[in-house]
Participant: 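Below is a structure I'd like to ask you about.
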Number of protein chains: 4
Amino acid sequence: MSDTPRRRGADRTEAIMRTTLELGQEIGYAKLSIEAVAARAGAGKHTIYRRWPSKGALLLDSLLSLNEAGLDYPDTGDIAADLRVQIHAAVDLLAGPPFGPLFRALIGEAQHEPQVAAALNERFIGPQADKTVARLRAARDQGQLSPQFDLELAMAILSGPLYFQLLITQEPLTHEYVDRILDALFTGIGPTHAS
Amino acid sequence: MSDTPRRRGADRTEAIMRTTLELGQEIGYAKLSIEAVAARAGAGKHTIYRRWPSKGALLLDSLLSLNEAGLDYPDTGDIAADLRVQIHAAVDLLAGPPFGPLFRALIGEAQHEPQVAAALNERFIGPQADKTVARLRAARDQGQLSPQFDLELAMAILSGPLYFQLLITQEPLTHEYVDRILDALFTGIGPTHAS
Amino acid sequence: MSDTPRRRGADRTEAIMRTTLELGQEIGYAKLSIEAVAARAGAGKHTIYRRWPSKGALLLDSLLSLNEAGLDYPDTGDIAADLRVQIHAAVDLLAGPPFGPLFRALIGEAQHEPQVAAALNERFIGPQADKTVARLRAARDQGQLSPQFDLELAMAILSGPLYFQLLITQEPLTHEYVDRILDALFTGIGPTHAS
Amino acid sequence: MSDTPRRRGADRTEAIMRTTLELGQEIGYAKLSIEAVAARAGAGKHTIYRRWPSKGALLLDSLLSLNEAGLDYPDTGDIAADLRVQIHAAVDLLAGPPFGPLFRALIGEAQHEPQVAAALNERFIGPQADKTVARLRAARDQGQLSPQFDLELAMAILSGPLYFQLLITQEPLTHEYVDRILDALFTGIGPTHAS
DNA sequence: GGCTAAGCGAGACGGTACGTCAAGTCTTGCG
DNA sequence: CGCAAGACTTGACGTACCGTCTCGCTTAGCC
């Protein structure tokens with residue numbers, strides 16, 4: 001019933017993550033400081049440090065709070081179409097604002113913070129890989145994929161080119177690009193054996 | 001007449017880059033400071049700022065000075081074998097010390113410094129891609145590759161999985177892993193058409 | 001039935017003051033924090049703030065609890081001897097541990113906390129001055145002191161040199177020093193009139 | 001020729017001390033922070049820490065810069081009159097703004113910073129004591145003082161009561177008070193021997 | 001003897017300042 | 001005149017306490 005209630009726990013956590021995303025979008029992750037997040041969120045610095053051990057950890061949580069549901073896989077029975085739909089959705093998330101730029105920054109951070117790298121894999125990459133593998137396994141059992149196809153490599157082969165475009169060449173990551181990659185992968189590099 | 005003569009120009013440039021690599025290996029790129037490089041190299045900070053606009057630019061130059069020759073492509077006539085050899089060499093460079101850790105850090109830096117990203121593409125990724133495409137084109141003309149194979153995508157498809165392993169999952173990048181990826185790519189994901 | 005029963009009122013007050021003295025001795029008053037006292041005493045910070053408005057007030061109470069009886073004046077009929085005895089006792093208290101260092105710190109605190117200064121005068125300096133003046137008045141009435149002797153100044157003249165030694169020069173405050181001061185004061189600075 | 005020249009060394013030192021005195025007067029020493037001095041002086045914190053190891057050391061230098069000449073002793077041949085004049089001057093300095101409040105704070109600081117105490121004695125108390133003793137010695141040689149008078153105690157006996165009033169009772173330190181003290185000291189406490 | 005009100009420990013919270021570090025700019029004086 | 005040396009302002013770091021606050025638990029005191 002107070003006019004300016006001193007809120008606790010989850011309230012503060014949420015406000016800090018929201019502010020992190022706001023500031024991150026406005027000034028870019030590189031210039032983002034915990035000091036500035038605290039000031040903008042009306043929080044004490046200690047309140048942030050109590051929750052997150054590093055800027056990377058804060059960003060990771062903030063970012064994942066944007067995608068709590070995760071990316072779900074459709075299963076229409078046509079693996080090629082389903083993969084296309086799912087990867088289109090992934091690309092829309094990864095490449096677009098606000099997720100995209102901050103996600104790239106987070107991967108940058110993961111290069112010198114092993115804990116961020118581990119958490120990123122465990123909480124984002126891993127679950128997505130699991131779903132991908134599960135869907136591909138079903139397709140393989142139905143004969144839509146080559147029986148020899150190595151499911152462990154699926155994530156690297158399917159996602160690698162996207163991350164290459166996102167992180168290295170930094171050219172636009174479009175649906176059309178995804179489609180070309182998928183076509184090439186389904187066909188294979190070598191000449192078709194049957195002729 | 002001094003015992004440590006005040007050297008100029010290229011001497012200073014080289015000494016600073018060498019020190020950057022040394023310090024980068026010792027304390028990690030994240031903790032690398034221009035201040036520390038200057039102190040260790042016996043150089044004034046101004047001498048560094050006169051040559052490089054940012055830490056990323058300094059690291060890029062320092063790193064590329066390790067691989068001035070670039071990675072050359074063999075051409076034995078067998079594209080599958082040549083690719084394998086070449087990518088093994090690339091992986092040996094990228095994943096091993098001292099290049100690996102600093103290279104990963106550089107890609108991290110490229111996520112928030114567009115100039116570093118541009119220079120990285122222009123001076124390292126691009127040339128490698130050109131060589132790869134040239135070798136693949138020759139192979140395609142000889143019928144060793146599918147005529148439909150999209151050469152523009154070659155670098156993303158071949159390198160993407162490696163960078164995914166290097167940057168995202170951060171698991172060891174071995175020859176055996178490369179071989180499995182290449183096998184899968186040559187075969188293609190879909191079931192073989194001949195049946 | 002608890003092994004560490006949650007005690008109330010005076011128990012807590014006493015425990016907090018005892019802890020204050022302990023910690024003050026161990027780490028020095030300057031580094032003493034209410035946070036640390038609370039933690040060591042197993043008390044909540046609020047329990048301390050409920051009783052004392054400031055660190056100075058807490059220290060004052062803690063310190064005076066060491067000397068609840070006060071310093072009593074002997075009256076043997078010989079004022080010079082009685083003064084000597086009494087000031088020796090005062091010096092033993094003021095200069096020795098644990099009282100001395102904390103007492104000095106308290107006077108330091110009194111320089112920027114008027115409430116501490118007032119309380120210090122009211123509860124420690126004042127009563128001692130009253131006793132001193134009363135004893136001196138008796139001596140004056142008995143002709144042992146000059147009739148012109150200004151009793152109001154007695155405390156300043158007798159104690160001033162001691163506090164000077166304690167607070168300013170910070171050299172040892174010994175019985176021998178006190179004796180020399182008393183001798184000089186009884187004699188006076190000027191040349192003796194009788195000659 | 002620049003409009004806002006970046007000044008060095010002594011300029012910065014002087015500006016910081018001046019700001020320290022200003023801020024100290026405005027908000028009081030207890031609330032004085034190095035952060036605030038730096039901000040007000042337009043100086044970096046490091047520039048302050050480079051020069052002074054602590055707040056006390058900064059205040060000491062700042063304060064002594066107000067009284068670089070020191071308090072000089074007159075010598076008219078009449079020691080009682082000269083002492084009176086000199087102590088009046090000392091009291092005017094010690095008790096009045098801006099010196100007084102900051103000087104009290106400095107003595108407070110000296111209670112838990114031995115280095116401040118040492119510097120205070122060496123640079124302020126000591127020189128004043130030396131002058132006092134020299135003047136008193138001359139007077140003693142001329143027969144104006146008791147030959148037995150212990151010159152080593154002079155400073156404590158003469159100044160002690162003033163510091164007692166300044167630091168402990170914190171009542172006004174007036175010329176009239178000084179005069180009463182001096183009268184009492186010259187006379188001595190005991191009854192006059194001539195009777 | 002059960003109920004309520006207060007005291008209490010614990011510690012989260014918004015703040016302020018600490019003392020350190022490095023960034024990037026500048027000045028000085030050597031060679 | 002390029003350089004090393006390093007002083008300078010700026011800004012962020014991560015830590016320590018401040019004094020206020022909320023949270024449940026315990027304990028007294030009053031019905």
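No experiment lies behind these values; they were computed from the predicted model shown. Here is the naming used below: chain letters follow the sequence lines, and residue numbers restart at 1 for every chain.
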Participant: When you measure from the side chain of D:Arg12, which nucleotide among E:dC13, F:dC8, F:dC18 comes out closest?
Facilitator: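 Minimum distance to the D:Arg12 side chain belongs to F:dC8.
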Participant: Expressed in angstrom and rounded to an integer, what is the separation of A:Glu35 atom CD from F:dT10 atom P?
Facilitator: 16 Å
Participant: In whole Å, what is the span from the OH atom of D:Tyr49 to the C1' atom of E:dA22?
Facilitator: 17 Å
Participant: Of B:His46 and C:Leu32, whose closest DNA chain F nucleotide lies nearer the 5' terminus?
Facilitator: B:His46
Participant: Figure out the CD1/P separation between B:Ile16 and F:dC3, and round it to whole Å.
Facilitator: 9 Å
Participant: Rounded to whole angstrom units, what separation is found between the CD1 atom of D:Ile48 and the C1' atom of F:dT9?
Facilitator: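 Result: 12 Å.
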Participant: So which one's nearest nucleotide on DNA chain F is more toward 5', B:Gly44 or D:Arg50?
Facilitator: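 Mapping each residue to its closest nucleotide by heavy atoms, the 5'-most match is B:Gly44.
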Participant: Is there a donor and acceptor pair, one atom on the side chain of B:Lys45 and one on the base of F:dG6, closer than 3.5 Å?
Facilitator: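 Absent.
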Participant: Could you tell me how far apart B:Glu113 (CD) and E:dA23 (C1') are, to the nearest whole angstrom?
Facilitator: 13 Å
Participant: What integer distance in Å separates D:Ile34:CD1 from E:dA17:C1'?
Facilitator: 10 Å
Participant: Could you measure the distance from the CG atom of B:Leu58 to the CG atom of B:Leu21? Nearest 0.5 Å is fine.
Facilitator: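 That separation rounds to 8.5 Å.
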Participant: A:Thr13 and side chain to side chain donor-acceptor pair (under 3.5 Å): which partner among A:Arg18, A:Arg51, A:Arg50?
Facilitator: A:Arg51
Participant: Are there over 12 heavy-atom neighbours, none belonging to C:Gln115, within less than 6.0 Å of that residue's CD?
Facilitator: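 Count not over threshold, so no.
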Participant: From CG of A:Asp11 over to P of F:dC21, roughly how many Å is that when rounded to an integer?
Facilitator: 18 Å
Participant: Report which part of the nucleic acid D:Ala43 touches: base, sugar-phosphate, or nothing (heavy-atom distance under 4.0 Å, all strands).
Facilitator: sugar-phosphate
Participant: Taking 4.0 angstrom as the limit, do D:Glu26 and D:Arg40 come out as a salt bridge?
Facilitator: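 Counted as a salt bridge, because a side-chain N and a carboxylate O are separated by less than 4.0 Å.
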Participant: I want to check one thing: is the phosphate of F:dA4, taken as OP1 and OP2, less than 4.0 Å away from some side-chain N or O of B:Thr47?
Facilitator: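 Answer is yes, contact under 4.0 Å.
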Participant: Roughly, in whole Å, what's the span from CZ in C:Arg40 to P in E:dG9?
Facilitator: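 Nearest whole value for this atom pair: 16 Å.
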Participant: When you measure from the side chain of A:Glu35 to the backbone N and O of A:Lys45, does any donor-acceptor pair fall under 3.5 Å?
Facilitator: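 Looks like no, no N/O pair under 3.5 Å.
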Participant: OP1 or OP2 of F:dC8 versus the side-chain N and O atoms of D:Arg51: is any pair under 4.0 Å?
Facilitator: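 Yes.
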